[in-house]
There are 2 protein chains.
Amino acid sequence: MTTQVDGGKKAVRGSLSREQVLRGALDYVDEHGLDQLSMHKLGASLGVKAMSLYKHVTDKDDLLDGIVGLMWAEIPAEPPTDDWREAIRRLAASLRDLVHRHPDAAPLLISRQGLRERPLLICHGLMRLMRDGGVPEKCAAALLRTVFPFGLGYALAELSLPASPDQGPCDEIGFIRRATDLLPAEVSNDLIRTALLVCGDCEMTAQFHFGVDLMIGGLNSYLESLSPGMAEVPEGAS
Amino acid sequence: MTTQVDGGKKAVRGSLSREQVLRGALDYVDEHGLDQLSMHKLGASLGVKAMSLYKHVTDKDDLLDGIVGLMWAEIPAEPPTDDWREAIRRLAASLRDLVHRHPDAAPLLISRQGLRERPLLICHGLMRLMRDGGVPEKCAAALLRTVFPFGLGYALAELSLPASPDQGPCDEIGFIRRATDLLPAEVSNDLIRTALLVCGDCEMTAQFHFGVDLMIGGLNSYLESLSPGMAEVPEGAS
DNA sequence: TTGTCATGGCTTACAGCATAACGCTTGACG
DNA sequence: CGTCAAGCGTTATGCTGTAAGCCATGACAA
């Protein structure tokens, strides 16, 4: 039982740290689903009794907040390129990837309230880039407010489809079978066809990028309309 | 106790129906928050013991699904206008309104999986409109896949801001105070400024419409690029 | 060495939870 | 009148979050 590693400073005793508790919680949720997470089970999975967790976490709420923090930390704080358009695309893509990596924990990203530092840093970096690119501040903010919910929301919506995304081309037969399982029996074939169009084909990745480019393209043409020569527009949104 | 209305067919006895249980649950969540909803409390609020609810609902899961159904039902199935651009705007707006009307229940809309009939009907109507408007099917589907997550996600994101949306102009002082309460103490003033830009000003409604128009505008210019004369494009996306 | 102390774990305990199993009453219908 | 199902109640079980307090450990001062 006596551990001795955990170099240097303090707390040689503890085999557990807040970090490990949070990490363990995220792992547990990834593996067993959010509704299965309980202090007892989490403790057990860490080789510890439930109450011991409260030395590292004040609340279950605190635990959940910690999970959210851990997930945000998976997205780099600094934009990976100087081209703001490309940076926006990458951000959207990493938001989507994040959700796909943690399907069960992802809803927490949107339903738990409170400003997090990481997303703020990300916005900060992108605002700088866009300012340098001549995008008015208000437009930049609007775009960010558009991209974040879209990236998260799109991916979250994907999760609720019968077939999980990008696991090979999903045959229409299988899709219809599962879709009609979930839907009331009387839906028309016409509706099923719509379902196939909107949810069915599995080029979700391409369609996602199309959506992002929709926004960037929209902002582009908006900027054009402001100053037809491209670039450098002053204030004046809203 | 003996009720006698509830015209015609069967079950004169029951003072309760599935409808009423679900409605009661949604009301309860609206009033006390999602985490406060329990079968016991819901039963009590309906003047009934917990187990009686199980005559109308198989599960708590079923109850939650019912709540989601009830919320979707608040959005009209048919597009309210023939102009697809306007119809898309209205849809986005009603998604946002829906979330604002049920802040505590709204996360269920995105985190519960399974195809619902209502959103499918909505998509169906809009696809028809857009087809009539000369938008290729794949583009139409992509736009819908963009608008739904955005409308829900944007509104959900608003909820997590320190000040709830549209309750008067939120003074910057108050905002900063609350924001810094939630954030670690060492964040720079620069960051706070970004926070104000992205989350702070309260013209969320205007900014929301701007976001929607970003997408519609993007699709417009995409359509232009396909066939520079406007309207009537064949297949050919993806 | 010998205290003293904070740390991080364990134990016990409790109210609230979802839900299984079963029982009673009521009104409808043969 | 007899039968029945629907709609409610009762009881009970195992799991949940967490309050309160105990105990062993290692760090440090004397």
Side-chain angles (χ1 to χ4, degrees), chain A residues 1-26 28-29 31-68 104-105 108 112, chain B residues 1-26 28-29 31-68 104-105 108 112:
Chain A
M1 269 320 169
T2 49
T3 59
Q4 75 294 9
V5 273
D6 197 37
K9 256 322 171 22
K10 42 155 65 173
V12 177
R13 161 86 178 296
S15 53
L16 225 48
S17 69
R18 177 167 230 265
E19 272 300 303
Q20 290 168 51
V21 169
L22 300 182
R23 179 65 58 189
L26 181 51
Y28 194 95
V29 171
E31 192 166 354
H32 302 96
L34 186 57
D35 48 348
Q36 284 302 308
L37 176 68
S38 84
M39 302 303 268
H40 292 261
K41 292 181 190 163
L42 174 58
S45 92
L46 292 171
V48 137
K49 292 299 163 64
M51 287 313 292
S52 306
L53 299 174
Y54 286 85
K55 294 287 157 153
H56 306 279
V57 143
T58 76
D59 238 352
K60 195 181 185 187
D61 248 38
D62 187 31
L63 183 78
L64 262 32
D65 279 344
I67 293 182
V68 171
D104 287 293
L108 295 175
R112 305 234 108 212
Chain B
M1 268 319 168
T2 49
T3 59
Q4 75 293 11
V5 272
D6 198 38
K9 259 317 166 32
K10 41 158 60 173
V12 177
R13 163 86 176 299
S15 53
L16 224 50
S17 69
R18 177 167 230 265
E19 272 301 301
Q20 289 169 52
V21 169
L22 300 183
R23 179 64 58 187
L26 181 51
Y28 195 95
V29 171
E31 192 166 355
H32 303 96
L34 186 57
D35 48 347
Q36 284 302 308
L37 176 69
S38 84
M39 301 304 267
H40 292 261
K41 293 180 191 165
L42 174 57
S45 92
L46 292 171
V48 137
K49 291 300 162 64
M51 288 312 290
S52 305
L53 299 174
Y54 285 86
K55 292 289 158 170
H56 307 278
V57 143
T58 76
D59 238 353
K60 195 183 183 183
D61 248 38
D62 188 30
L63 183 77
L64 262 37
D65 279 343
I67 293 181
V68 172
D104 287 293
L108 296 175
R112 306 234 105 212

Between the protein and nucleotides 15-18 of chain D, which nitrogen or oxygen pairs come in under 3.5 angstrom?
from	atom 1	to	atom 2	distance (Å)
D/dT16	OP1	A/Ser38	OG	3.4
D/dT16	OP1	A/Lys41	NZ	3.2
D/dG17	OP1	A/Lys60	NZ	2.8
D/dG17	OP2	A/Met39	N	2.7
D/dG17	N7	A/His40	NE2	3.1
D/dT18	OP1	A/Asp59	OD1	3.0
D/dT18	OP2	A/Tyr54	OH	2.9
D/dT18	OP2	A/Lys60	N	3.0

Interatomic distance, B/Lys55 NZ vs C/dT26 C1' [rounded to whole Å]: 14 Å
Closest listed nucleotide, where the reference is the side chain of B/Lys49 and the choices are C/dG8, D/dT10, D/dC8: D/dT10
Partner of A/Leu63 under side-chain contact (heavy atoms from CB on, under 4.5 Å), chosen from A/Leu53, A/Leu26, A/Leu42: A/Leu42
B/Leu16 CG - C/dT26 P separation (whole Å): 18 Å
Sequence-distant partners of B/Leu34, side chain to side chain contact (heavy atoms under 4.5 Å, CB included), two or more places apart: B/Val29, B/Leu108
Atom pair distance, as rounded to whole Å: CG in B/Leu42 and P in C/dT19: 13 Å
All pairs passing salt bridge (charged side-chain N to carboxylate O under 4.0 Å, His left out) where residues 56-67 of chain B contributes a residue, at least two apart: B/Arg18-B/Asp62, B/Asp61-B/Arg112, B/Asp65-B/Arg112, B/Asp65-B/Arg116
A/His56 vs C/dT7: side-chain N/O to OP1/OP2 distance below 4.0 Å: no
Residue-phosphate contact under 4.0 Å: A/Ser52 side-chain N/O, C/dG8 OP1/OP2: no
Closest non-hydrogen atom pair, B/Leu46 against B/Gly24: CD2-CA, 4.3 Å
Pairs flagged by side chain to side chain donor-acceptor pair (under 3.5 Å) wherever residues 35-56 of chain B is involved - sequence neighbours left out: B/Gln36-B/Lys41
Protein-nucleotide distance (A/Leu53, atom CG; C/dT11, atom C1'), rounded to Å: 15 Å
Set of side-chain hydrogen bond (donor to acceptor under 3.5 Å, both in side chains) partners for B/Gln20, sequence neighbours left out: B/Ser17
